[in-house]
**Student:** 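Structure provided below as structure tokens; questions to follow.
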Amino acid sequence: MSEPSVQGEQKKRINRLQIVYLMVFLLFATIILRLAQLQIQQGGKYTSELMARSLKKDAILAMRGNIYDRSGHVIAQSRPAFLAVFREEDTMSEQDYVQMVEKLEKILTTVDRATLLKKMDVGYAFENGRFIRTARQMPKYIEKELKSDLSQKEIAELSEHRGDLHGIEVVTKPIRQYDPKQIAVQAVGYVRPYHVAENLDIAHYRSEQEQYLPNQFVGLDGIELSYEDQLRGVNGYRLYEVAADQTVVKQIEKVSPVRGNDLTLTIDQRVQTAIRDSIHQFLPNLRATIPEASYAKGAYVVAMEIQTGKIVAMVSYPEYDPNVWIEGPDQKMYEQIQYAVTNGTIKEAPYDARPLTGEDAAKENDKHPRSIVPSGSVIKPITILLGFTGRAHRSRGSMDRSGRLLLWKRNRSNQE
């Protein structure tokens, strides 16, 4: 290759390198200028946004453990469900509440505006066709549950009108469900939101506030309360970084909840329901045939295995449906069950005032003793012995009426 050709090739390579150097220079210059713009011109804006970011912990409720009878029959269980909840905003006015309940009444079936306002607890009520001011029952910041077990249609309509329903959200939450046959309801007890138990000043919960959320279901009576530490599980959480406008930037951490332990009781639901049904049939006959028992409405039966000492039935009659406490009973329902709710098997024996309600029920209840023999009294064996002695002197007809339950027990023993 001639010398002029070599020089030409070298010159072309130098020119290409110069172009590459120029492009690299321009690229770095652009980056430097952009960085200068971000740091000098817009630095204050991004610094404010960064300082405004915060961490938000979103709790994940633990599934409460189930309660079974001795054969594995479910007495109480927890299951996930969709709920409509209300988180009140500081800027809301009376007009906002009125418009919201009018819209929700059309979306949430079986719930009227009076019930919605009561559950929202915003200081207003709907009575006699108009809105009136009332006192709040719970703190403003607590999330209020409006309806559980939403249908797919209700969920879709709430999502569609989300822009018009400020503070309304659909969340997934475990709810408690009890056997509709009402198995040992007085002994098993029921659950209520934690803020209710806190307001009742139950000693079991005073020292463990950090373990619960305000709307988390906790045991309020019976086994649900006695074995709360075993049943409740451990709540989890998601930790988010959020911006000033409360939009989620990213998820930083997730801790999964730990499900509560299951409990298996020695109670046999077959024996329990059979005794309860026998009492239900026997009491009307007892009231009709024995003048001294004309006001008898309550009965208490404990059945025990002689060989093992295990309790196979614990009946406190009358009973009630503990499922009414999941969303909370309305005033009419509460008046019907308030004197039957107390755990007669363990605590006291209130008189069943039904069908009376209100002041008439209170007066009737006060006429009857709350507890004839205190729990654990050494007098009980003597009382039972006197009862058996009295029965021996009664007529055969009376023995037939009062002996039905014993006859059933003998038949069951023979079958086994």
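Note that the numbering runs from 1 along the sequence shown for the chain.
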**Student:** Please report the shortest heavy-atom distance between Met63 and Pro174, naming the atom on each side.
**Tutor:**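 Taking Met63 first and Pro174 second, the nearest heavy atoms are SD-CB, 3.3 Å.
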
**Student:** side-chain hydrogen bond (donor to acceptor under 3.5 Å, both in side chains) with Gln216: which residues, sequence neighbours excluded?
**Tutor:**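 Result, side-chain hydrogen bond (donor to acceptor under 3.5 Å, both in side chains) vs Gln216: Asn235.
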
**Student:** Has Thr289 got a side-chain atom pairing as donor or acceptor with Asn285's backbone, closer than 3.5 angstrom?
**Tutor:**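 Yes, because the side chain of Thr289 sits within donor-acceptor range (under 3.5 Å) of the backbone of Asn285.
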
**Student:** Does the Glu253 side chain pair with the main chain of Arg238, one donor and one acceptor, at a distance under 3.5 Å?
**Tutor:**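 Such a contact is absent between Glu253 side chain and Arg238 backbone.
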
**Student:** So that I can tick it off, tell me whether Arg70 and Glu305 are bridged by a salt bridge, with the cut-off set at under 4.0 angstrom between side-chain N and carboxylate O.
**Tutor:**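 So Glu305 pairs with Arg70 through a salt bridge.
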
**Student:** Would you check if the side chain of Ser226 reaches a backbone N or O of Gly222 as a donor-acceptor pair within less than 3.5 Å?
**Tutor:**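 A pair under 3.5 Å: yes.
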
**Student:** Mind checking whether Val191 and Asp221 have side chains closer than 4.5 Å, heavy atoms only?
**Tutor:**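 Sidechains of Asp221 and Val191: no contact.
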
**Student:** To the nearest 0.5 Å, what is the distance between CE on Met100 and CG on Leu104?
**Tutor:**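 Output value for this atom pair is 6.5 Å.
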
**Student:** With Tyr227, which residues qualify under ring pair (Phe, Tyr, Trp, His ring centres under 6.0 Å), at least two apart?
**Tutor:**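 By the ring pair (Phe, Tyr, Trp, His ring centres under 6.0 Å) rule, Tyr227 matches no residue at all.
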
**Student:** Using side chain to side chain contact (heavy atoms under 4.5 Å, CB included) as the criterion, list what pairs up with Val98, not counting sequence neighbours.
**Tutor:**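 Partners of Val98 under the side chain to side chain contact (heavy atoms under 4.5 Å, CB included) test: Glu94, Glu102, Phe131.
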
**Student:** Under the side-chain contact (heavy atoms from CB on, under 4.5 Å) criterion, do Arg113 and Leu117 qualify, and how do the steps go?
**Tutor:** CA-CA 6 Å; Arg113 65 183 65 183; Leu117 275 175; 5.6 Å; no

**Student:** Tell me the closest heavy-atom pair linking Leu150 and Ala84, and the distance in Å.
**Tutor:**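 Leu150 and Ala84 have their closest heavy atoms at CD1-N, 3.5 Å.
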
**Student:** For Asp360, which residues count as a side-chain hydrogen bond (donor to acceptor under 3.5 Å, both in side chains) partner, sequence neighbours excluded?
**Tutor:**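 side-chain hydrogen bond (donor to acceptor under 3.5 Å, both in side chains) list for Asp360, sorted by chain: empty.
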
**Student:** Dump the intermediate steps for side-chain contact (heavy atoms from CB on, under 4.5 Å) on Leu165 and Ile107, then the final yes or no.
**Tutor:** CA-CA 11 Å; Leu165 300 172; Ile107 297 174; 4.1 Å; yes

**Student:** Looking at every non-hydrogen atom in both residues, tell me the closest pair between Ala197 and Tyr205 and how far apart they are.
**Tutor:**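 Nearest heavy atoms, Ala197 then Tyr205: CB-CD1, 3.7 Å.
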
**Student:** With side chains defined as the heavy atoms from C-beta onward, is the minimum distance between Leu225 and Leu220 less than 4.5 Å?
**Tutor:**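 No, their side chains stay 4.5 Å or more apart.
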
**Student:** Hey, does Ile175 have a side-chain heavy atom less than 4.5 Å from the side chain of Arg79?
**Tutor:**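 With C-beta onward as the side chain, the pair touches.
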
**Student:** According to side chain to side chain contact (heavy atoms under 4.5 Å, CB included), who are the partners of Val24, at least two apart in sequence or on a separate chain?
**Tutor:**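 With sequence neighbours excluded, Val24 shows a side chain to side chain contact (heavy atoms under 4.5 Å, CB included) to Val20, Phe28, given in chain and number order.
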
**Student:** Once you round to the nearest 0.5 Å, how far does CD of Gln152 lie from CD of Glu157?
**Tutor:**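 One gets 12.0 Å once the value is rounded to the nearest 0.5 Å.
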
**Student:** Rounded to the nearest 0.5 Å, what's the gap from CG on Leu263 to CD1 on Ile75? Could you check?
**Tutor:**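 Output value for this atom pair is 10.0 Å.
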
**Student:** Rounded at 0.5 Å granularity, tell me how far CD in Gln281 sits from CG in Asp277.
**Tutor:**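 Between atom CD of Gln281 and atom CG of Asp277 there are 6.5 Å.
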
**Student:** Does the ring of Phe217 carry Arg176 above it, NZ/CZ under 6.0 angstrom from centre and within 45° of its axis?
**Tutor:**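 Output no; distance or angle outside limits.
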
**Student:** Between Ser78 and Gln177, does any side-chain donor sit less than 3.5 Å from a side-chain acceptor?
**Tutor:**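 Absent: no donor and acceptor within the cut-off.
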
**Student:** So Val188 and Ile67, do their side chains get closer than 4.5 Å, heavy atoms only?
**Tutor:**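 Yes; the side chains approach each other to less than 4.5 Å.
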
**Student:** Which heavy atom of Asp262 sits nearest a heavy atom of Asn66, and at what distance?
**Tutor:**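 That would be OD1-N, 2.8 Å.
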
**Student:** My understanding is that only residues two or more places apart in sequence, or in another chain, count here; which of them pass side-chain hydrogen bond (donor to acceptor under 3.5 Å, both in side chains) with Ser71?
**Tutor:**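 In terms of side-chain hydrogen bond (donor to acceptor under 3.5 Å, both in side chains), with neighbours along the sequence ignored, Ser71 is linked to Asp69.
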
**Student:** Is any side-chain heavy atom of Glu105 less than 4.5 Å from a side-chain heavy atom of Val111?
**Tutor:**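 Not touching, per the 4.5 Å side-chain cut-off.
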
**Student:** Per the ring pair (Phe, Tyr, Trp, His ring centres under 6.0 Å) rule, what does the pair list look like for residues 74-124, sequence neighbours excluded?
**Tutor:**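 Ring pair (Phe, Tyr, Trp, His ring centres under 6.0 Å) check on residues 74-124 returns Tyr97-Tyr124.
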
**Student:** Show the numbers, then the answer: is there a salt bridge (Lys or Arg N to Asp or Glu O under 4.0 Å) between Asp268 and Lys310?
**Tutor:** CA-CA 10 Å; Asp268 188 323; Lys310 295 179 180 179; over 6 Å; no

**Student:** Nearest 0.5 Å, what's the CZ-CD distance between Arg276 and Glu319?
**Tutor:**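 Rounded to the nearest 0.5 Å, the CZ-CD separation comes out at 5.0 Å.
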
**Student:** Kindly give the heavy-atom pair with the smallest separation between Gly298 and Pro318, and that separation in Å.
**Tutor:**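 Shortest heavy-atom separation between Gly298 and Pro318 comes out as CA-CD, 4.3 Å.
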
**Student:** Is the distance between the ring centroids of Tyr317 and Tyr300 under 6.0 Å?
**Tutor:**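 No, the ring of Tyr300 stays outside the 6.0 Å limit from the ring of Tyr317, centre to centre.
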
**Student:** Holding to side chain to side chain contact (heavy atoms under 4.5 Å, CB included), I want the full list of residues that pass it with Asp179, two or more places apart in sequence or in another chain.
**Tutor:**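 In terms of side chain to side chain contact (heavy atoms under 4.5 Å, CB included), with neighbours along the sequence ignored, Asp179 is linked to His73, Lys181, Ile183.
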
**Student:** Does a side-chain heavy-atom distance below 4.5 Å link Val312 with Thr266?
**Tutor:**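 No - every pair of side-chain heavy atoms lies 4.5 Å or more apart.
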
**Student:** Are any non-hydrogen side-chain atoms of Leu283 and Lys297 less than 4.5 angstrom apart?
**Tutor:**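 No; the side chains remain at least 4.5 Å from each other.
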
**Student:** Run through Arg64, Glu224, Arg259 and flag the one making a side-chain contact (heavy atoms from CB on, under 4.5 Å) with Arg232.
**Tutor:**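 Answer to the side-chain contact (heavy atoms from CB on, under 4.5 Å) test with Arg232 among Arg64, Glu224, Arg259: Arg64.
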
**Student:** What salt bridge (Lys or Arg N to Asp or Glu O under 4.0 Å) pairs are there with at least one residue in residues 117-135, not counting sequence neighbours?
**Tutor:**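 Checked against salt bridge (Lys or Arg N to Asp or Glu O under 4.0 Å) - neighbours excluded - the pairs reaching residues 117-135 are Lys119-Glu327.
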
**Student:** To the nearest 0.5 Å, what is the distance between OG on Ser294 and CD on Glu292?
**Tutor:**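 Reported value, rounded in 0.5 Å steps: 8.0 Å.
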
**Student:** Quick one: salt bridge (charged side-chain N to carboxylate O under 4.0 Å, His left out) partners of Lys363, sequence neighbours excluded?
**Tutor:**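 Salt bridge (charged side-chain N to carboxylate O under 4.0 Å, His left out) check on Lys363 returns Glu359.
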
**Student:** Mind checking whether Tyr190 and Tyr320 have parallel, tilted or perpendicular rings, split at 30° and 60°?
**Tutor:**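 Judged by the thresholds at 30° and 60°, the geometry between Tyr190 and Tyr320 is perpendicular.
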
**Student:** Do Thr109 and Lys147 make a side-chain contact, defined as non-hydrogen atoms from C-beta onward lying under 4.5 Å apart?
**Tutor:**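 Yes - at least one pair of side-chain heavy atoms lies under 4.5 Å apart.
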
**Student:** Looking only at heavy atoms, which two atoms of Trp325 and Arg192 are closest? And how far apart?
**Tutor:**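 Nearest pair, atom of Trp325 first, then Arg192: O-NH1, 3.1 Å.
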
**Student:** Do side-chain atoms of Gln251 reach the backbone of Tyr240 as a donor and acceptor pair under 3.5 angstrom?
**Tutor:**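 Checked: no pair found.
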
**Student:** Quick one: side chain to side chain contact (heavy atoms under 4.5 Å, CB included) partners of Thr264, sequence neighbours excluded?
**Tutor:**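 Thr264 satisfies side chain to side chain contact (heavy atoms under 4.5 Å, CB included) with Tyr68 once adjacent residues are dropped.
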
**Student:** Begin from the C-alpha positions of Leu158 and Ile155 and carry the test side-chain contact (heavy atoms from CB on, under 4.5 Å) through to its verdict.
**Tutor:** CA-CA 5 Å; Leu158 288 174; Ile155 296 172; 5.9 Å; no

**Student:** Just grab all the side-chain hydrogen bond (donor to acceptor under 3.5 Å, both in side chains) pairs involving residues 159-173, residues at least two apart or on different chains.
**Tutor:**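 Those involving residues 159-173 are Arg87-Glu169, Glu145-Lys173.
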
